[in-house]
Amino acid sequence: MRILARFMLSASDLMHFPAPSVPEIAFLGRSNVGKSSVINALVGTKLARTSNTPGRTRSINFYEVRKAGQPTPEVLFADLPGYGYAKVSREISEDWARFVDPYLHQRSTLALCLALVDSNIPPQESDKQLVEFLAAKGRPHLLVATKCDRLSGNKLSQAMQTLKEAYKGTPIVAFSAKTGVGKDELWNQIRSVASKAQAS
Ligand SMILES: Nc1nc2c(ncn2[C@@H]2O[C@H](COP(=O)(O)OP(=O)(O)OP(=O)(O)O)[C@@H](O)[C@H]2O)c(=O)[nH]1
Ligand SMILES: [Mg+2]
């Protein structure tokens with residue numbers, strides 16, 4: 001099935017978020033973890049800007065995603081600014097207080113938060129804080145272990161086991177934007193949550 005996706009708008013203020021409509025999927029994670037790359041892999045085009053420079057995405061970028069032939073979007077994707085990068089941490093915490101935190105607290109159509117963690121590095125305190133925050137707020141969420149193409153066989157199984165232990169009870173999808181591993185599984189999760197949200 002062909003996916004059509006388009007950039008809607010970039011918001012760094014509550015006032016500029018798009019009007020709530022279809023279920024929304026938020027992509028969260030440390031700077032450089034691969035949020036924009038996961039979005040691009042899911043939609044199959046270079047929609048979101050990716051970069052080697054951590055902290056590049058500094059606003060919430062909203063994308064409209066629809067199945068070809070359908071009149072209305074299926075979901076919105078929200079690419080959030082990254083956290084945890086020391087060099088720009090002051091600006092990022094200001095962004096967080098000004099519009100990311102309110103977004104996560106208040107957004108009525110937010111159906112699923114994808115907490116991206118790098119499968120190549122040990123569990124990070126900042127990621128744990130995010131997942132705890134989402135759990136405390138009752139926001140449905142799952143972990144996406146990114147860049148798993150960089151790990152082979154045993155190393156990948158070990159990394160996934162370590163993540164499972166660190167984030168007990170949170171579902172995890174191993175993902176690579178490079179090879180497409182995890183793409184179908186992640187779409188299934190997104191669609192399952194989105195159809196439930198739309199039915200309720
Ligand atoms: N090998 C590999 N590299 C990846 C993968 N996903 C992303 N990268 C690389 O990681 C870097 C960061 O990717 P982005 O998608 O820009 O990361 P981001 O989380 O959006 O970064 P910020 O917007 O700065 O927070 C880029 O150089 C990507 O090419 C992956 O699955 N495999
Ligand atoms: Mg980005």
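Worth knowing before you read on, the calculation uses all heavy atoms, side chains too, and leaves out hydrogens, waters and symmetry mates. The first residue of the sequence shown is numbered 1, and numbering continues consecutively from there.
- Checked by atom type and distance alone, the side chain of Ser36 pairs as donor or acceptor with a backbone atom of Arg49 at under 3.5 Å.
- A distance-only check finds no donor-acceptor pair linking the side chain of Lys137 to the backbone of His105 [under 3.5 Å].
- The heavy-atom pair separating Ala68 from Leu4 by the smallest distance is CA-CD1, 3.9 Å.
- Interatomic distance, Thr109 OG1 to Glu24 CD, rounded to the nearest 0.5 Å: 4.0 Å.
- Centroid-to-centroid, the aromatic rings of Phe17 and Tyr103 come within less than 6.0 Å.
- Without hydrogens or angle criteria, Ser10 side chain to Asn61 main chain gives no donor-acceptor distance under 3.5 Å.
- Two rings, from Phe77 and Trp187, have their centers less than 6.0 Å apart.
- Test Leu28, Asp127, Val33 against Leu116 for side chain to side chain contact (heavy atoms under 4.5 Å, CB included) and you get one pass: Val33.
- The closest donor-acceptor contact from the side chain of Lys168 to the backbone of Glu165 lies under 3.5 Å.
- The main-chain N or O of Pro122 is found under 3.5 Å from a side-chain atom of Gln124 such that the two form a donor-acceptor pair.
- Arg139 and Leu110 get closest at one heavy-atom pair: NH1-O, 3.3 Å.
- In this structure, OH in Tyr167 is found 6.0 Å from CG in Leu143, a value given to the nearest 0.5 Å.
- Side chain of Lys164 to backbone of Ile172: no donor-acceptor contact under 3.5 angstrom is found.
- The number of heavy-atom neighbours closer than 6.0 Å to NZ of Lys46, taken from other residues, nucleotides and ligands shown, is 12 or below.
- Taking the six-membered ring for Trp and the full ring otherwise, the centers of Phe133 and His141 sit at least 6.0 Å from each other.
- The residues Arg66 and Glu74 are annotated as not salt-bridged, no charged nitrogen and carboxylate oxygen being separated by less than 4.0 angstrom.
- The backbone N or O of Ala145 sits nowhere less than 3.5 Å from a side-chain atom of Asp118 that would complete a donor-acceptor pair.
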